[in-house]
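In what follows, every chain begins at residue 1, and chains take the letters A, B, ... in the order their sequences are listed. Quick caveat, the model's predicted, so the values are computed rather than measured.
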There are 2 protein chains.
Amino acid sequence: MSQMQNVETQLRQMILGLEIGPGEKLPERWIESRFGASRTPVRAALLRLETEGLVGRDGRGWTVSPINLAELEQVAVYREAVEVAALRLTCGLADRSAVDVIEAMLESCDHDTPREEWHRVGMDFHIELARLSGNEFLFRAVRDAMTRLSRARWLEVRDEAALSRAWTEHRAILAAARLGDADEAARLLSGHIVGSRDRLVTSLANDRRGLRARGFAVVAA
Amino acid sequence: MSQMQNVETQLRQMILGLEIGPGEKLPERWIESRFGASRTPVRAALLRLETEGLVGRDGRGWTVSPINLAELEQVAVYREAVEVAALRLTCGLADRSAVDVIEAMLESCDHDTPREEWHRVGMDFHIELARLSGNEFLFRAVRDAMTRLSRARWLEVRDEAALSRAWTEHRAILAAARLGDADEAARLLSGHIVGSRDRLVTSLANDRRGLRARGFAVVAA
DNA sequence: GGCGCCATCTTGGTATCCCAAACTGGTATC
DNA sequence: GATACCAGTTTGGGATACCAAGATGGCGCC
């Protein structure tokens with residue numbers, strides 16, 4: 001793999017995995033030495049990550065984007081629009097058997113699956129569901145929105161109850177989609193997204209002080 | 001202005017203005033000499049334009065993205081989702097007086113306004129309307145979608161009738177939005193987008209041979 | 001002791017240089 | 001005449017040197 005892709009991928013993982021905290025300074029020279037690459041691939045990676053909203057400019061330099069509660073609320077509205085549109089397209093397809101693949105994804109998580117895996121599958125559910133629509137732009141929009149939400153969801157203190165609730169809702173959405181009931185599927189998905197957003201923002205707003213103490217920049221709604 | 005922004009802006013204008021045709025090769029060294037910048041800002045510009053879908057990789061090198069009819073159809077579905085969502089948000093706002101500013105934009109075009117200006121205002125109508133929603137992500141999505149459609153709309157052989165029809169539809173959408181009638185506004189906007197897409201794709205498919213003769217790469221749906 | 005100023009370091013922006021891979025054109029061979 | 005092969009050129013990826021602007025910190029003056 002080329003250095004360019006390598007730096008970009010590794011840096012993204014470090015940011016999404018909170019190995020580099022939201023708000024931290026990110027000098028090009030530090031990245032350069034950290035990954036053993038020169039500044040050319042480093043800059044390419046930063047430019048790409050900037051469009052994903054994971055890093056941003058702070059005056060002259062680069063910083064990891066802080067968690068922004070106002071942004072999270074806006075992303076939720078955005079993803080509701082695109083996910084519902086994608087789901088309606090999928091419900092209109094003649095062959096909706098692919099939803100079974102997604103169902104299987106959900107079932108692959110059980111009580112001794114690591115937390116990290118639940119987190120990943122919870123996002124992939126939405127991404128793969130959008131992919132079924134066959135619309136590349138709706139798919140990318142959902143994927144990008146989930147990327148922006150990823151760190152916040154990771155920070156959220158998720159109890160078992162919230163996870164099992166989410167899984168139940170995911171299954172209900174798939175059931176409606178399998179029947180081709182677009183209105184019901186859309187209703188369930190909207191409710192799921194709005195509910196998730198509320199729990200996420202509430203949780204983060206409550207933990208804000210603690211998160212800041214851990215060195216994570218969190219800006220209010 | 002820094003070289004970086006400069007190269008990016010100028011190159012984007014040349015591509016959108018069809019000064020560089022869809023499908024043309026775009027060597028970094030050519031851009032470098034054309035704009036008197038070095039390769040670093042050129043690379044930055046190309047990376048950004050790549051995320052906008054205006055340039056792409058062709059093996060190892062760069063090319064201006066061809067006009068892709070299948071892509072245009074998918075973009076139309078995408079923009080319908082995000083524009084309708086944005087419009088519904090706007091209809092729910094207490095203060096919708098900002099629609100008057102957009103109305104004024106439409107009125108600024110009359111029979112001796114240059115074609116180029118009609119084209120720009122026709123796009124800005126949708127972009128500014130989305131901005132009113134206050135949702136940054138819906139706004140960006142609409143702006144990016146319009147950017148992708150821009151060259152195709154420019155290529156389209158637009159008769160006066162199509163333009164006046166579009167303006168009538170634009171005014172009707174604004175009227176419904178001013179009243180806060182979200183359902184009606186959404187219905188009108190959807191119809192407008194679907195109609196525009198059909199006319200656009202039909203027109204391009206018919207002209208495809210002629211466009212290719214002009215050196216423009218156009219891939220079928 | 002506090003405040004301001006200057007030297008220094010840091011850092012991103014830019015310009016070049018080098019390299020390996022891919023493309024090109026021409027030539028020699030069959 | 002077609003084809004395979006080889007040298008030269010083009011091209012993007014990577015590395016590095018240099019610069020100007022901004023951040024930093026220490027020293028001196030008030």
Next on the checklist: Rounding to an integer number of Å, can you tell me how far B:Arg39 CZ sits from D:dA17 C1'?
Outcome noted: 16 Å
Next on the checklist: If the cut-off is 4.0 Å, is B:Ser38 near the phosphate of C:dA15, judged by side-chain N/O to OP1 or OP2?
Outcome noted: yes
Donor-acceptor contacts, no H, no angles, side chain residues 128-138 of chain B, under 3.5 Å, sequence neighbours left out:
from: B:Glu128; atom 1: OE1; to: B:Arg131; atom 2: NE; distance (Å): 2.9
from: B:Glu128; atom 1: OE2; to: B:Arg131; atom 2: NH2; distance (Å): 3.1
from: B:Ser133; atom 1: OG; to: B:Ala130; atom 2: O; distance (Å): 2.7
from: B:Ser133; atom 1: OG; to: B:Asn135; atom 2: N; distance (Å): 3.1
from: B:Asn135; atom 1: OD1; to: B:Phe137; atom 2: N; distance (Å): 2.9
from: B:Asn135; atom 1: OD1; to: B:Leu138; atom 2: N; distance (Å): 3.0
from: B:Asn135; atom 1: ND2; to: A:Gln74; atom 2: O; distance (Å): 3.1
from: B:Glu136; atom 1: OE2; to: B:Arg140; atom 2: NE; distance (Å): 3.2

Item to check | By ring pair (Phe, Tyr, Trp, His ring centres under 6.0 Å) - contacts of B:Trp118 (at least two apart) | outcome: B:Trp167
Item to check | Integer-rounded Å distance: C:dT14 P and A:Leu47 CG | outcome: 11 Å
Item to check | Distance, rounded to the nearest Å, where A:Trp62 contributes CH2 and C:dT10 contributes C1' | outcome: 17 Å
Checklist entry - Do B:Met14 and B:Phe35 touch side chain to side chain, with heavy atoms closer than 4.5 Å? => result yes
Next on the checklist: Distance check needed: D:dG14 C1' versus A:Phe35 CZ, whole Å only.
Outcome noted: 17 Å
Checklist entry - How close or far is atom P of D:dT11 from atom CZ of B:Arg57, stated in whole angstroms? => result 16 Å
Checklist entry - When the distance from CZ of A:Arg60 to P of D:dA23 is rounded to whole Å, what number comes out? => result 8 Å
Next on the checklist: Between the opening five pairs and the closing five pairs of the helix from C:dG1-D:dC30 to C:dC30-D:dG1, how far apart are the helix axes, to 10°?
Outcome noted: 0°
Item to check | Separation of C:dG13 C1' from A:Leu46 CG (nearest whole Å) | outcome: 13 Å
Next on the checklist: Check this for me, if you would: do A:Arg199 and A:Glu156 make a salt bridge, where the nitrogen-to-carboxylate-oxygen distance has to be below 4.0 angstrom?
Outcome noted: no
Checklist entry - Got a sec? Which of residues 23-31 of chain B come in under 4.0 Å of DNA chain C, heavy atoms? => result B:Arg29
Next on the checklist: So does B:Ala44 get a backbone contact from the side chain of A:Arg43, meaning a donor-acceptor N/O pair under 3.5 Å?
Outcome noted: no
Item to check | Separation of atom CD in B:Glu32 from atom C1' in D:dT10, rounded to whole Å | outcome: 13 Å
Checklist outcome for this item: For B:Glu71, the salt bridge (charged side-chain N to carboxylate O under 4.0 Å, His left out) test, sequence neighbours excluded, returns B:Arg148
Checklist outcome for this item: Contacts of B:Glu52 meeting salt bridge (charged side-chain N to carboxylate O under 4.0 Å, His left out) (sequence neighbours excluded), chain-then-number -> B:Arg12
Checklist entry - Only one of A:Asp58, A:Thr63, A:Val55 forms a side-chain contact (heavy atoms from CB on, under 4.5 Å) with A:Leu26, so which one is it? => result A:Val55
Checklist entry - So, A:Ser203 versus A:Asn206: side-chain donor-acceptor pair below 3.5 Å or not? => result no
